[in-house]
Amino acid sequence: MKDSIIRRVLLLGGFAIMGILTAQSYWLFKTWDLKDKEFDQTVTIALRNVASYIAKINNTDLPKKDLIQRRSSNYYAVNVNSNIDANILEDYLYQELGNMNLNTNFEYAVFDCFSEELVYGAYCKMSNIDKEHQISESLPKFDDLVYYFVIKFPSRESYVLSNMRINLIFAGVAILSLGAFVYSIFVILRQKRMSDLQKDFINNMTHEFKTPISSINIAANVLSQDVRISGDPRLSKYAQVIQEQNTRLNNQVEKVLNVARMENESFKLKIEKIDLIQLIKGVVDAEQIKIEHGQLYFTADNISPMIFADKLHLTNVLHNLIDNATKYCSASPKIHISVSQGVNKIMLNIQDNGIGIDNDNQKLIFNKFYRVSTGNVHDVKGFGLGLFYVYNVCKSHGWFIDVISKLNLGTTLIISIPKDSNTKT
């Protein structure tokens, strides 16, 4: 993944997190404010009804203003202008708060005009939320009132929060989602760091291999041309083995380098006009020499398509596909390459009689480093980069590649080359 893309993701993610946190905080505070106002209005209505009952019993009139005064967030004073019977008051408080569904515990006290003290009434339980609540020893009195009672709601915050349960759940989900996003970003950055280290290691390792491979190739050629070596069958065979294994090692290093170029975005196509038939014939002639026991043949439907492609990479693709068809074959390989004319496209097919690929593995064969399992048999060598390279070359050209395979019945790889974008016939 590009550094610029990661920076954009981090920037957009940061803005998204800030936006979500800001919006969530705003709605939580807004909801708290609304619930607090709703609580205050409900308490006011209930206490007004209680005051009306007391005034009716005492046959007095209630004050025209400042009947109910909220002295703090959870503390109310009710000015009734008449004597108050504490027993009747408690009954009315239970009744009215219950009618208003205000199921939160409360304390109350009544002002005694004779002693000029606020006499504590009781701690009344409407619910079991505050089982361990510490009862207030005294409640503050007010010098500007004469006949009044006070009521306190110790569990106001808990009650308001309980009415915000849905909002708090959504806030919790949002915070968990943001935490998951931040963790994902952390994982992405860590994986990218490890991936960069891996790429640097592979690049350095493969480039370091190129020099000794070239030296071994030169030395092997000198040995094979020496009269004393060529005249000795045993030494000649050893020199041939060195050349073959050196060529194989060089091919594997080239595959790794090609994949590294793709991932470093230094992979650029040199598009040119190519005679597809002639290119395939050249590859078939070169590969036919390697296949000692088997058949490799090519057919075309009397067409001679000229396509626009990178000659080097297309050649590598064909070599990779033929090499795979040869390796994954339990009998003498029979490989058939064909070119046919489709509707607005050229079809390049590579068919073999190999061991085949099951349906589950067919979805994964183009993944990097993926190799189809051959059980306990480990005679098939490679890094699992061949088909990954083939897929990316086709993708870079705008071509499509598909696989048709059945276990023990062989495999057919189909490359579709659209004529409208990449070909001329």
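The figures that follow rest on heavy atoms only: side chains count, while hydrogens, waters and symmetry mates do not. In what follows, residues are counted from 1 in the order of the sequence shown.
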Is [X] reaching over with its side chain to a backbone N or O of [Y], donor-acceptor style, under 3.5 angstrom?
X	Y	value
Gln362	Ser405	yes
Asp40	Asp36	no
Asn353	Ser332	yes
Ser236	Asp232	no
Asp310	Lys270	yes
Tyr148	Phe142	yes

Over all heavy atoms of both residues, which pair between [X] and [Y] is shortest? Give the atoms and the distance, please.
X	Y	value
Leu145	Ala77	CD1-CB, 4.0 Å
Lys345	Ser416	CD-CB, 4.2 Å
Lys125	Tyr94	N-OH, 3.4 Å
Pro154	Glu107	CG-OE1, 3.5 Å
Leu28	Ala171	CD1-CB, 3.9 Å
Ile303	Ile277	O-CG1, 3.6 Å

Any [X] side-chain heavy atom under 4.5 Å of [Y] side chain:
X	Y	result
Val78	Val50	no
Leu249	Ile216	no
Thr411	Tyr328	no
Gln95	Asn99	yes
Ile415	Cys394	yes
Phe153	Leu97	yes
Leu235	Arg228	no
Gln351	Ser338	no

Identify, with sequence neighbours excluded, every residue that meets side chain to side chain donor-acceptor pair (under 3.5 Å) alongside [X].
X	answer
Tyr391	none
Asp285	none
Thr299	His336
Tyr53	Glu96

Could you state the interatomic distance from [atom1] ([X]) to [atom2] ([Y]), rounded to the nearest 0.5 Å?
X	Y	atom1	atom2	answer
Glu90	Phe106	CD	CZ	6.5 Å
Ile307	Leu348	CD1	CG	8.5 Å
Met18	Leu21	CE	CG	9.0 Å
Asn217	Gln243	CG	CD	7.0 Å
Lys152	Ser73	NZ	OG	9.0 Å
Lys273	Phe308	NZ	CZ	5.0 Å

Could you give me the CA-CA distance, side-chain angles and deciding distance for Asn105 and Tyr159, then say whether side chain to side chain donor-acceptor pair (under 3.5 Å) is met? CA-CA 9 Å; Asn105 303 337; Tyr159 178 79; over 6 Å; no
Can you check side chain to side chain contact (heavy atoms under 4.5 Å, CB included) on Val150 and Arg71, steps first, answer last? CA-CA 10 Å; Val150 296; Arg71 296 301 179 106; over 6 Å; no
Criterion side chain to side chain contact (heavy atoms under 4.5 Å, CB included) on Leu279 and Thr315, from CA distance to verdict: CA-CA 7 Å; Leu279 185 141; Thr315 302; 3.8 Å; yes
Decide, yes or no, whether a salt bridge links Lys37 with Asp33 under the criterion of side-chain N to carboxylate O below 4.0 Å.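 Yes, Lys37 and Asp33 are salt-bridged.
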Do the side-chain N and O atoms of Tyr389 and Asn320 include a donor-acceptor pair separated by under 3.5 angstrom?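 No, no side-chain donor-acceptor pair sits under 3.5 Å.
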Checking Ser72 now: which residues fulfil side chain to side chain contact (heavy atoms under 4.5 Å, CB included) with it, not counting sequence neighbours? Asn74, Tyr75
Can you list everything that forms a side chain to side chain contact (heavy atoms under 4.5 Å, CB included) with Ala325? Sequence neighbours excluded, please.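 Ala325: side chain to side chain contact (heavy atoms under 4.5 Å, CB included) contacts with Ile335, Asp352.
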Please check if the number of heavy atoms outside Phe400 that lie under 6.0 Å from its CZ is greater than 12.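 Check fails, neighbour count at 12 or below.
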Show, in sequence, the C-alpha distance, side-chain angles and deciding distance for Leu387 and Asn367, and conclude whether the side chain to side chain contact (heavy atoms under 4.5 Å, CB included) test is met. CA-CA 8 Å; Leu387 289 178; Asn367 292 349; over 6 Å; no
Do Asn316 and Val390 pass the side chain to side chain contact (heavy atoms under 4.5 Å, CB included) test, and can you show the C-alpha distance, the side-chain angles, and the key distance before you say yes or no? CA-CA 8 Å; Asn316 289 340; Val390 168; over 6 Å; no
